Amino acid sequence: MRKNLLFMLLGILFLQQTEAQDVTFTFANPQNTNDGTDDFYEVDVLASSTAGFKLGAGLLYFNYNPAAFGSSVFTNGNIEITYSNVTSPSYLLGSEAFPGFGHYSSFVTNDNGTSRVAFSWQQALSSGMMPMNNVTSGAVELFHLKIRYVDVNQDPLMCFESSAVYTDQTFTACGGTTFADCVGVPGIQITNDNFDCSGASLSLPVELTYFSARRVGEKALLEWETAMEIDNWGFEIQRLDRENDSWDVIGVEAGMGTTNSAHHYRYYDEFPEEGINYYRLKQVDYDGGYDLSEVRSVAFESADPISIGDQRIKLYP
């Protein structure tokens, strides 16, 4: 009788723990970066749990904007997922029980449609090799996403896919002696998923009030104002090279670092090209992240040369 009662109490406790188990996935540290040739969107993927558990296998799906990154980013080689345990931050999926023996393995990335990509991982070492719950109420970095832009001016629109068929893909760690025995000593499927995409939006460390460009004599005057700045290294002033369809840096203005006060900037392009000149600002953070302004244009067009006697002159507005 006492033995039966004990089993009943253990069963109730197990059910309570299972029902209380939850996981929340979020994003953090979004930024645009450039390697000297290409532009990238980068962001960390995090997990947390009110109950806490040792993480086992998992599978996540991500939706993105194909106008920003192109379609089928894995097939086209535009996505990189990393989980190193020696970088800062140190990612959970790269953690090791001892050198050369990671807790996780069998990482797989696949396209799941033209604007959705999937990433999964498996448990390599048993739960007994994990000294404590590695997913707790404090969000922990799982891995890092890096996607190459095809158009950096487009919004990434990065978000978890959270419709019913794509959820409940996370498990607590399975047991065993040294290596994971997920058949003999399986983990628990977590059926209380939560997804928060707000952290994937690119932060605005600099609030740009306005950006204008106009002709002043034979120069182009660019003016802009910030309402506040956070870790602002400065601004690159860029002009479109129409022949090569690329943006050239024609000047740099130092930022104010961090300030809550408005600040006005002014820059003269002393040598604009004949025709329509296109300008934009590249605001750069101290950590290398950046944001691009909208494009402004200024026209420097003159009439075709005409002849008066044996002299050729140009008429200007």
Side-chain angles (χ1 to χ4, degrees), residues 23-47 55 57-85 87-94 102 104-122 139-170 193-204 245-247 280 282 284-285 287-292:
V23 62
T24 297
F25 293 102
T26 56
F27 293 101
N29 309 315
Q31 61 177 322
N32 285 340
T33 59
N34 181 279
D35 65 356
T37 303
D38 295 313
D39 294 298
F40 299 88
Y41 168 80
E42 302 192 44
V43 69
D44 291 326
V45 179
L46 287 64
L55 179 66
L59 169 61
L60 289 171
Y61 296 86
F62 303 93
N63 293 319
Y64 56 86
N65 183 7
F69 306 117
S71 60
S72 304
V73 291
F74 174 72
T75 301
N76 292 315
N78 286 339
I79 187 171
E80 178 184 0
I81 298 179
T82 55
Y83 31 81
S84 171
N85 70 330
T87 58
S88 179
S90 178
Y91 296 100
L92 176 57
L93 294 189
Y104 303 96
S105 64
S106 303
F107 304 102
V108 176
T109 306
N110 275 314
D111 291 313
N112 185 253
T114 57
S115 60
R116 183 184 302 117
V117 65
F119 175 68
S120 66
W121 63 92
Q122 298 291 328
V140 61
E141 292 90 355
L142 293 180
F143 55 90
H144 184 77
L145 286 173
K146 182 178 182 179
I147 310 180
R148 181 185 294 111
Y149 280 105
V150 298
D151 187 350
V152 71
N153 295 300
Q154 298 290 331
D155 192 328
L157 299 178
M158 178 61 62
C159 192
F160 298 104
E161 173 58 79
S162 58
S163 55
V165 69
Y166 298 100
T167 60
D168 303 339
Q169 302 294 322
T170 307
D193 292 352
N194 302 281
F195 300 93
D196 182 357
C197 299
S198 61
S201 299
L202 289 168
S203 59
L204 296 175
D245 193 27
S246 61
W247 290 92
R280 72 180 185 184
K282 180 178 180 180
V284 184
D285 302 335
D287 63 3
Y290 68 90
D291 195 21
L292 297 173

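Predicted, not measured: the structure shown is a model, and the values here were computed from it. For this chain, numbers begin at 1 and follow the sequence in order.
Put simply, the side chain of N76 never gets that close to the backbone of N78: no donor and acceptor are under 3.5 Å apart. Side chain of D111 to backbone of F74: a donor-acceptor contact under 3.5 angstrom is found. Listed for the R148 side chain is a donor-acceptor partner under 3.5 Å among the backbone atoms of G77.
Residue Y104 holds its OH atom at 9.0 Å from CH2 of W121, rounded to the nearest 0.5 Å. S120 contributes atom OG, which lies 8.5 Å from atom OH of Y61 (distance to the nearest 0.5 angstrom). Here CG of L59 is found 9.5 Å from CD of Q122. Values are rounded to the nearest 0.5 Å. The distance from the CG atom of N194 to the OG1 atom of T26 is 10.5 Å, given to the nearest 0.5 Å. With rounding to the nearest 0.5 Å, the separation of CZ in F119 from CZ in F143 is 5.5 Å. Of the inter-residue distances, the one linking T33 atom OG1 with D38 atom CG reads 10.0 Å to the nearest 0.5 angstrom.
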Give the intermediate values and the outcome of side-chain contact (heavy atoms from CB on, under 4.5 Å) for residues L55 and L142. CA-CA 10 Å; L55 179 66; L142 293 180; 3.9 Å; yes
Just do the side-chain contact (heavy atoms from CB on, under 4.5 Å) check on F62 and I79 with the steps written out, would you? CA-CA 12 Å; F62 303 93; I79 187 171; over 6 Å; no
Carefully, step by step, assess I147 and M158 under the rule side-chain contact (heavy atoms from CB on, under 4.5 Å). CA-CA 10 Å; I147 310 180; M158 178 61 62; 3.4 Å; yes
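Nearest heavy-atom pair across V117 and Y64 is N-CE2, 4.0 Å. Heavy-atom minimum distance, Q169 versus D193: N-OD2, 4.0 Å. Of all heavy-atom pairs spanning G113 and S72, the tightest one is O-OG, 4.1 Å. Of all heavy-atom pairs between A67 and V150, the closest is O-CG2, 3.7 Å. Residues G36 and N34 come closest through the heavy atom pair N-OD1, 2.6 Å. In terms of heavy atoms, L46 sits closest to F27 at CD1-C, 4.3 Å.
Residues P156 and N65 form no side-chain contact, since every pair of their non-hydrogen atoms from C-beta on lies 4.5 Å or further apart. With contacts defined as side-chain heavy-atom distances shorter than 4.5 Å, the pair D39/N32 does not qualify. You'll find the side chain of D285 stays beyond 4.5 Å of the side chain of Q31, heavy atoms only. Between L145 and I81, some side-chain heavy-atom pair lies under the 4.5 Å cut-off.
Of the candidates Y290, F40, F69, F69 is the only one forming a ring pair (Phe, Tyr, Trp, His ring centres under 6.0 Å) with Y149.
The number of heavy atoms from other shown groups lying within 6.0 Å of CG (D35) is above 12.
Applying the salt bridge (Lys or Arg N to Asp or Glu O under 4.0 Å) test to residues at least two apart or on different chains, the pairs with a partner in residues 151-165 are R116-E161.
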